Structures are given as structure tokens and as C-alpha cells.
Amino acid sequence: MKLHELSLKEQLNGLKEGSFSSTELTQHYLDRISSFDKSLNSFITVTEELALEQAKESDKRYKSNKALPLDGIPIAHKDIFCTEDILTTCGSKMLSNFKAPYSSTVVNNLSSDGVVVLGKTNMDEFAMGSSNETSFFGPVKNPWNKEYVPGGSSGGSAACVSAQLASAATATDTGGSIRQPAALCGLTGIKPTYGRVSRYGMIAFASSLDQGGVLARSAEDSAILLESMSGHDPKDSTSLNEDVPNFLGNIDSPIKGMKIGLPKEFFEKDLPNHVESSTKEAIETYKNLGAEIHEISLPNVDLSLPVYYIIAPAECSANLSRYDGVRYGYRCEDPKDIEDLYMRTREEGFGSEVKRRILIGTYALSAGYYDAYYLKAQKCRRLVANDFTEAFKSVDLILSPTTPDTSFKAGEKSDDPIEMYLQDIFTIPANLAGLPGISFPCGNHEGLPLGVQLVGNSLKEAQLFQAAHQFQEATDWHKNLPEVK
Ligand code: GLN
């Protein structure tokens, strides 16, 4: 087996047993990046020198029996996570020259467990998008078929893991940006409970929804990485003060008797046949594994998309006001006065999707409209969250398709924001309620992967990993990988 074909867990064992060194593994991925990434465009920055240095240190620790839990595993970070002295762009011209003065907690947590950083991955500008076409650094291609999008906003992380240019990658999910690209690229992706992973040093889009997580090739690999990233962080006031369980702990336990709910509002939608049949097949697999399937109702769930598109732009308009050309990032040339500096910096530095969100958000927050839009949206958000609280009184997990269809062709939806926003119809509710959600592969249609999503109750990531892992023990969908050329 070639090194990139091994799972993260197998690579870790190989390193421990001395079957290969981290330097070999890292060089192998760097070679693959230079052969295949020109056409995929999944990386904005490749940190070759740093990676080889870190790999060398890992190899030394293995030799002296001082290996760290993830020592020598080469991963990539979404370019939304600050990395000290390394370019951190968030996919925007606004930060195209920004070298962060410090590293995010996610990056630090993983580094102190010994990972090797291959580079920073491409993404939709400020994580706004579902196709990775809004990046200042150009679109990312789907490794399954380069005419198709990888999903977004974590499209670079998804494409590089799916093309096996990295063992796994970090990502973020505000309305679906981990789970949707996972589905479109045939990967396993988890967005944990809001507050499980620190947002310190993770560039803000919509602070009450943003959550860091993982894109990997299996539930097992995702669990290994998420455990290292998670934990209470005094530097983030919304970080949960909860112990991080061993996410692999009961991954092998059978799920007999586990109660899985199917929200009727989701299944009443007009879904393409291949989405319906692959979801039904996934449900059958769960029945065969001994799970109990129940129909449930989330009566307010259809409010999710409109509510999200008030709250997310409102928070984004506040968060992005810091990019003014004064402090850091892009600054326009020869400003006439301070007003000109602000206006031209923002006009030239932001792309059109980001501007659209800022305009909607500023409008929704303005005096006279605040009550009608923002406050109303907050009330509706509570209704959606309450529906989940009610549902989890009778079921353990909630299952649905992850996306309304397989991937779409580049350019197909870029002129129609509503069509693009509809990509996240099944993923956004979990963000509004702050709940953990996982997507994993459950089928393939015309050469493109399909995903199924499980949402769990607050802090129940371990149960999600267990249910996804049991599915992956019973099926081979997650083992399908694209042939990269
Ligand atoms: N596609 C959604 C948006 O554009 C979600 C993005 C995300 O999760 N970061 O807002």
C-alpha cells in the first residue's frame, strides 16, 4: 500500500512501529501536492520547509521514545486559522498580505500533539459560500471531477483530503461548511457542539454560529483529530468548560437499540431519486445494525434558512467592520482622507459575496429594522432550537441527507445566491441550535459522492462517532476515493 492510501490511524501505527518515518510520509505528501495541486488549487500556502522541520523533530521524538499522541501526522489547516508568521488570508484580498502574529488555539493544540503542518487550504472568502468559488485565490476543483465544485466554504480542506494530499484537515462550519464539502467530496466531516473547539485565533464570520472541526476519511480518523483540537480555552469566552471524552472510547460498541429520528419536514421535500434512495439505504443499514427508526417532527425547521440569512450577515457586518485599512491587511493606495481610506479599502479589498452579506447585515441591524429582522430572527432561532430539545426527548440521533444533491458544475449557481444558499438547507439547523453534526459518505451517483448527516444532542460527539463508525464498519462508501491525475 502506498503511504497516502493508509488512514490516519494506520499512519500513526506505522510511525510508532517504525515502518516509515514522518520525514518520508511528509515528503510523500509534499510530492503529491506539487504533482496534483496545480489543477485542484486546494492550497493557498504550502509550508514545505516548516513541514520537513517538524517531521524531523517528530522522528527524533520517536527515536527517543518521547512521541506525542499525533506525532508526525501531516495535516493541513483551513486558511481561517491564524498561524504565527505564516500567511493567513481567509480567502480574501483583504488579508492577502496578513501574517498572523500568533497561532489559534486549534493550531496550537494540534501542534503540541505533534502534527506536521503541510500548509493552509483555500476557502470561500471569509467562509461565505458553498462552492469555493468566492475565494480571492481562485476556485477549488472537486477531485472526483474537476468540472464540479468541492463544496464550501472549506472546499480546499475537503479537496486536499479527498485527493490524499494530506492525511486530514481542519475546517470550520457556520452553516454547513464542513458537512457540505464532506458530502460533495466523499469524506467524513464533523462540526462539534458550539463551544467544544476554541474560536481563539479563528477568523470570525458569524460568532454565534462559527465552529471549528475536522475533514477526514473516516469517523475514526475524525475522532482522533477532534479530540486533540477540543477543550476549554480561557481565551474564548464562549468555550465550554467541559472535559473532552475519549472520542474513540466506545466507537466499537454496537448501536443496537439506538434511537434514530427522521424529521418528516426533511423527508417531505422533493428530493432527487438518487438522494432519496441512498438515504433510504443508509436507514436500512442502521436498521440492520439494530437501531430503532422513528419518524419525528421539527415543526419550525423550515425557518432555519431565512433566520440564518439574517443572523449570519448581521454578525458578519459587525465582525468585518475591523477591516478598515488602518490596523492590518489590505490598504488602498493614496487615500485622500480617512473616509476615502475606509471606503476604497473596503471596496477594493472585499469580494462581491462578502459585500452582499455586509449590506444585508447592516440593514437588518439598523435602527428601525432591528426589531423587525434581527430580533425576530433571534426568536425564531429559539423555536428551531426548542424543536431539537423536544426531539431529543424521544430519539438519540437525527438522520437526514447532508445536501439536496451531489456536487454541481462550477459556475452553475454562482449568479444565483438563493440557489447557492439552498445547499445548506439540511445543515444550518444544527448551527442555529449549537448541536454537533457529522456527515459521511453513503452513496455515489454518476461518479459523484453523496453524504448522510447525523445530528446529536449537545456534547454527544462520541455517540456520533460511534454511529458513523458502525456504519463504516458495515459499508465501504468511505473507502471510495477519487483517482487523482
Ligand atoms: N454556505 C453558508 C454560507 O455561505 C455556510 C458557510 C459556512 O458554514 N461557513 O454562509
Side-chain angles (χ1 to χ4, degrees), residues 78-81 90-92 106 121-135 139-140 149-158 169-185 189-192 194 197 199 202-215 304-320 350-361 364 377 381 402-405 407-408 413-414 416-439 451 453 455:
K78 184 176 181 179
D79 211 15
I80 197 167
F81 291 103
C90 220
S92 181
V106 161
T121 60
N122 204 342
M123 56 181 283
D124 277 303
E125 186 177 11
F126 284 102
M128 299 171 199
S130 298
S131 64
N132 222 298
E133 292 169 293
T134 73
S135 169
V140 177
V149 304
S153 64
S154 312
S157 287
T170 58
T172 62
D173 190 311
T174 304
S177 283
I178 292 178
R179 291 160 288 157
Q180 186 255 11
L184 271 41
C185 289
I190 178 150
K191 174 201 99 71
Y194 181 81
V197 166
R199 289 186 298 109
M202 185 177 113
I203 295 172
F205 160 14
S207 308
S208 76
L209 299 158
D210 297 344
Q211 181 57 211
V214 182
L215 279 159
S304 300
L305 203 68
V307 161
Y308 174 87
Y309 278 100
I310 296 291
I311 294 178
E315 294 184 13
C316 119
S317 82
N319 274 324
L320 272 58
F350 288 136
S352 55
E353 183 58 30
V354 172
K355 283 179 191 157
R356 182 180 0 254
R357 307 278 179 116
I358 293 175
L359 288 172
I360 298 172
R381 179 180 188 173
T402 309
T403 54
D405 207 340
S407 178
F408 47 94
K413 297 190 198 294
S414 13
D416 188 344
I418 305 282
E419 265 297 304
M420 192 69 92
Y421 297 170
L422 281 167
Q423 274 297 304
D424 294 322
I425 189 146
F426 299 124
T427 48
I428 281 176
N431 299 79
L432 293 176
L435 298 170
I438 192 166
S439 173
Q453 170 181 243
V455 172

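Small disclaimer: the values here were computed from a predicted structure and weren't measured. Computed over heavy atoms, backbone and side chain alike; hydrogens, waters and symmetry mates excluded. Whatever order the structure lists ligands and atoms in, that order sets their numbers, starting from 1.
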Pick one of side chain, backbone, both or neither for how [X] approaches ligand 1, counting any non-hydrogen atom pair under 4.0 Å.
X	value
Met123	neither
Phe126	neither
Thr174	both

Just by distance, with hydrogens left out, do [X] and [Y] show a side-chain donor and acceptor under 3.5 Å apart?
X	Y	answer
Arg381	Ser208	yes
Asn319	Ser207	yes
Asn122	Asp79	no

What I want to know is whether [X] and ligand 1 share at least one N or O pair that is separated by under 3.5 angstrom.
X	answer
Ala127	yes
Thr172	no
Gly152	no

Distance, nearest 0.5 Å, that separates [atom1] of [X] from [atom2] of [Y]:
X	Y	atom1	atom2	result
Cys90	Phe126	SG	CZ	5.0 Å
Tyr309	Arg356	OH	CZ	10.0 Å
Asp173	Ser153	CG	OG	8.0 Å

Requested in this report: Return the minimal non-hydrogen interatomic distance between Ser177 and Ser154, and the atom names on each side.
Outcome: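 Here Ser177 and Ser154 meet closest at O-OG, 2.8 Å.
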Can you list the ligand 1 atoms lying under 4.0 Å from a non-hydrogen atom of [X]?
X	answer
Ser130	1 (N)
Tyr308	2 (C), 3 (C), 5 (C), 6 (C), 10 (O)
Ser177	5 (C), 6 (C), 7 (C), 8 (O), 9 (N)
Met128	4 (O)
Tyr309	2 (C), 3 (C), 4 (O), 10 (O)
Asp173	8 (O)
Ser153	9 (N)

Query raised in the report: Regarding Lys355 and the six-membered ring of Phe350, is the cationic atom NZ or CZ under 6.0 Å from the ring centre and inside 45° of its axis?
Result: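 That pair does not qualify as a cation-pi contact.
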Query raised in the report: Evaluating non-hydrogen atoms only, which member of Glu353, Gln211, Arg357 is closest to atom 4 (O) of ligand 1?
Result: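 The residue whose heavy atom sits nearest atom 4 (O) of ligand 1 is Arg357.
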Report task. Give a yes/no verdict on whether any heavy atom in Ala312 is under 4.0 Å from an atom of ligand 1. Result ->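 Flag not set, Ala312 not near ligand 1.
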Report task. Indicate yes or no for a side-chain donor-acceptor contact from Ser407 to the backbone of Val149 under 3.5 Å, with no hydrogens or angles considered. Result ->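 Checking the backbone N and O of Val149 against the side chain of Ser407, a donor-acceptor pair under 3.5 Å is found.
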Requested in this report: Considering heavy atoms of the protein only, find what lies nearest to atom 1 (N) of ligand 1 and give residue, atom and distance to 0.1 Å.
Outcome: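 The closest one turns out to be Asp424 OD2, 2.5 Å.
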Query raised in the report: What pairs meet the salt bridge (charged side-chain N to carboxylate O under 4.0 Å, His left out) rule with one or both residues in residues 423-437, with sequence neighbours excluded?
Result: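 Residue pairs with at least one partner in residues 423-437: there are none.
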